[in-house]
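The structure appears below as structure tokens.
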There are 2 protein chains.
Amino acid sequence: MARPKAAGRDLREACIAEALKIIETDGVEQLSLREISRRLGVSHQAPYKHFASRDHILAEIVRQAFDAFAAELDGGPHTGDARADMSAMGEAYLRYARAHPLQYRLMFGTPLPNPAEHPDMMHSARHAFALLHDCIGALARQTGQSLADETRVLDALYVWATLHGMASMPQTSAVGTLGLPEGLLQALTGHGMQRMGSAMDAAYPPQE
Amino acid sequence: MARPKAAGRDLREACIAEALKIIETDGVEQLSLREISRRLGVSHQAPYKHFASRDHILAEIVRQAFDAFAAELDGGPHTGDARADMSAMGEAYLRYARAHPLQYRLMFGTPLPNPAEHPDMMHSARHAFALLHDCIGALARQTGQSLADETRVLDALYVWATLHGMASMPQTSAVGTLGLPEGLLQALTGHGMQRMGSAMDAAYPPQE
DNA sequence: ATCAGATGGTTGACACTGTCTACTTTTTGT
DNA sequence: ACAAAAAGTAGACAGTGTCAACCATCTGAT
């Protein structure tokens, strides 16, 4: 009486979908392959035919998240204006984090499975980072500031850190204890982008 | 043959110390009361005399971390110059995160035990936040900008987000996959503080 | 058409975890 | 001195990941 439901590769996708539901409602630490099996009406070993371990299903979820994240970052307009492109990518970054808080937290907020053992996940992660890094590099090139290369890399990291900070803020459980008004955290992204933009304009003044 | 080692309240502290070691080497998800017991040469139930559950020992660790964090934030100089004080507090924030990455990650990077069920932890967290918030409020007052109150709160959140982003950067496991040069991440804090400072100076220009 | 092998299921077992209950020993306040 | 509280012990149970062995179905080559 094998394969009572969800046969073939469908089970693989069904496992991922169910895992996302579990993580969303109960947190990543509550994710268990046995619970997935139970919900799918399947034996507790069935998922192991598709994922070598609990970490492997998590790594696959993270990989898909990085791919979707990269697609969002890369989906914006590619005008000739590096300043505008960077701004658009920053918006895209925050938009993804807002629309997919679960995936964002998995990518940046929880300890990942050992990247060396999950090369696909690592590859997707690097691709997403490369998009952000290239965009910021283009800004540095276009404004033609004669800054040391190290300074440019530091600015790339600075922008990324600021975006990450703003994206993390609503998700940091510590923030939940503060009882801030609802709208404030949403207004933070626009406000912070302006502040960060003024810092960047000071370092890379728009060309006349 | 009760109490073969570490009797009395000593066991409580020994549990916390051992828990920190385990979290440091194996990650927070590997923390188990039984492993603590084993290492301390004590029965698997002994810790339950001091902590009601696994979450309670974690909440106590987080509470101590918030207290130490607040002490670091509050330990800086209290000059009359709000701008200098804020800068010092920012440095203190990053210094703590660098010196105690484990505790910082526990406070801001991992899902906390339900704060409502651990009021001591929540109280310490609020105290630490209040210090940062007050300092930023003083800056707004001192420079006397006629900004809407909401704007000031947003700037407080912006500064906090930026600090958190820079502090998180070296800890985000995703960063580990990028293979950045060693010194860069350390230089990021100073560089980012300058950039953030220029943004804040633009919004709250130093009084003549 | 058949039949070997891969694929995707199954059950069973083991060691590990948190936590409940019940028991014993020690410390302590009056 | 002694009863009560505090701090330890052991045992049991359900939950978990994962290893091993087994069974059913699909598929491709002969």
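Numbers restart at 1 for each chain; the letters A, B, ... are given by sequence-line order, proteins then strands.
Taking atom CD on B/Glu29 and atom C1' on C/dC16, their separation rounds to 15 Å, with Å as the unit. Residue B/Lys49 contributes atom NZ, which lies 15 Å from atom C1' of C/dT27 at whole-angstrom precision. Rounding to whole angstrom units, CG of residue B/Asp10 and C1' of D/dA6 are separated by 14 Å. Rounded to whole Å, atom P of D/dA6 lies 14 Å from atom CZ of B/Arg12. Going from atom CZ of A/Phe51 over to atom P of D/dG17 covers 14 Å, rounded to whole Å. When rounded to the nearest whole Å, the span between OH of A/Tyr48 and C1' of C/dT11 equals 15 Å. Regarding A/Leu40, its CG atom lies at a distance of 16 Å from the P atom of C/dG8, rounded to whole Å.
The phosphate of C/dT10 (OP1 or OP2) has no side-chain N or O of A/His44 nearer than 4.0 angstrom.
Looking at every heavy atom in both residues, B/Ala19 comes nearest to B/Ile57 through CB-CD1, 4.2 Å. Closest of all the heavy-atom pairs between B/Leu102 and B/Leu20 is CD2-O, 3.7 Å.
For B/Leu11, taking side-chain heavy atoms from C-beta onward, the closest of the listed nucleotides C/dG8, D/dG8, C/dG18 is D/dG8. Relative to the side chain of A/Ser43, the nucleotides C/dG9, C/dT10, D/dT18 differ in distance, and C/dT10 lies closest.
The shortest side-chain heavy-atom distance between A/Tyr158 and A/Met200 falls under the 4.5 Å cut-off.
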Review item, side-chain donor-acceptor pairs of residues 179-191 of chain B, under 3.5 Å, at least two apart:
residue: B/Thr189; atom: OG1; partner: B/Gln186; partner atom: O; Å: 3.1
residue: B/His191; atom: NE2; partner: A/Asp155; partner atom: OD1; Å: 2.7

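The pair B/Glu24-B/Lys21 does not count as a salt bridge, with every side-chain nitrogen at least 4.0 angstrom from each carboxylate oxygen.
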Look for any protein N or O under 3.5 Å of an N or O in nucleotides 14-16 of chain D and output each such pair with its distance, or none.
residue: D/dT16; atom: OP1; partner: A/Ser32; partner atom: OG; Å: 3.4
residue: D/dT16; atom: OP1; partner: A/Arg38; partner atom: NH2; Å: 3.4
residue: D/dT16; atom: OP2; partner: A/Arg38; partner atom: NH1; Å: 3.4
residue: D/dT16; atom: OP2; partner: A/Arg38; partner atom: NH2; Å: 2.8

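Checked by atom type and distance alone, the side chain of A/Ser87 never pairs as donor or acceptor with a backbone atom of A/Arg83 at under 3.5 Å.
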